[in-house]
Amino acid sequence: MLELPETPSISDDSPCNPACLNGHTHEPPCVAGASAGVQRHTADTITDDELDRLYADQARLTDQLANEQTISRRLFEQRNDMAVERYAWQERGDRAEATIARVRQLAERWRYTADRKNTALPELHAALNEPKE
């Protein structure tokens, strides 16, 4: 039987693995930059310039997110419009195929009918027009 190594448990006060994907909420929280050796700032250690840079990054990312959301909404609306148009074309194709089937049925019937002079044109028009339901 294969024995697996025991998984270390993480208590609320122990540091989390920087590569943690489990959503732990204990301190210090999992951060993307922690594995690269980036030091986390505290209220006591951050300078005004660093704080300003963080706020500028936050504003830039907020704007970028808003732009991405706008683009995403626009693409979603275009996709819906294209789906509606595709459905309309599909319906049109289905109607055309039904018309062709009616004309073929009429042609097959005419093949075995001797008298076509008086009824041919009205029957052809009837076959080409969509049936009234």
Student: Kindly list each side-chain donor-acceptor pair under 3.5 angstrom involving residues 73-89, sequence neighbours excluded, with atom names and distances?
Tutor:
| unit_1 | atom_1 | unit_2 | atom_2 | d |
| --- | --- | --- | --- | --- |
| Arg86 | NH1 | Gln90 | OE1 | 3.2 |
| Tyr87 | OH | Glu91 | OE2 | 3.2 |

Student: Could you list the residues that satisfy side chain to side chain donor-acceptor pair (under 3.5 Å) with Gln105, not counting sequence neighbours?
Tutor: none
Student: Thr45: which residues meet the side chain to side chain contact (heavy atoms under 4.5 Å, CB included) condition with it, sequence neighbours left out?
Tutor: His41, Thr42
Student: Counting only heavy atoms not in Asp48, do more than 12 fall under 6.0 Å of its CG?
Tutor: no
Student: Apart from Tyr55 itself, which Ile, Leu, Val, Met, Phe, Trp or Tyr residues share its cluster (side-chain heavy atoms under 4.5 Å, direct or through members)?
Tutor: Ile46, Leu51, Leu54
Student: List in chain and number order the residues that pass side chain to side chain donor-acceptor pair (under 3.5 Å) with Ser72, two or more places apart in sequence or in another chain; answer none if no residue qualifies.
Tutor: none
Student: In chain order, what residues pass the salt bridge (Lys or Arg N to Asp or Glu O under 4.0 Å) check against Asp57, with sequence neighbours excluded?
Tutor: Arg60
Student: Just jot down the side chain to side chain donor-acceptor pair (under 3.5 Å) partners of Thr47, sequence neighbours excluded, or say none.
Tutor: Glu50
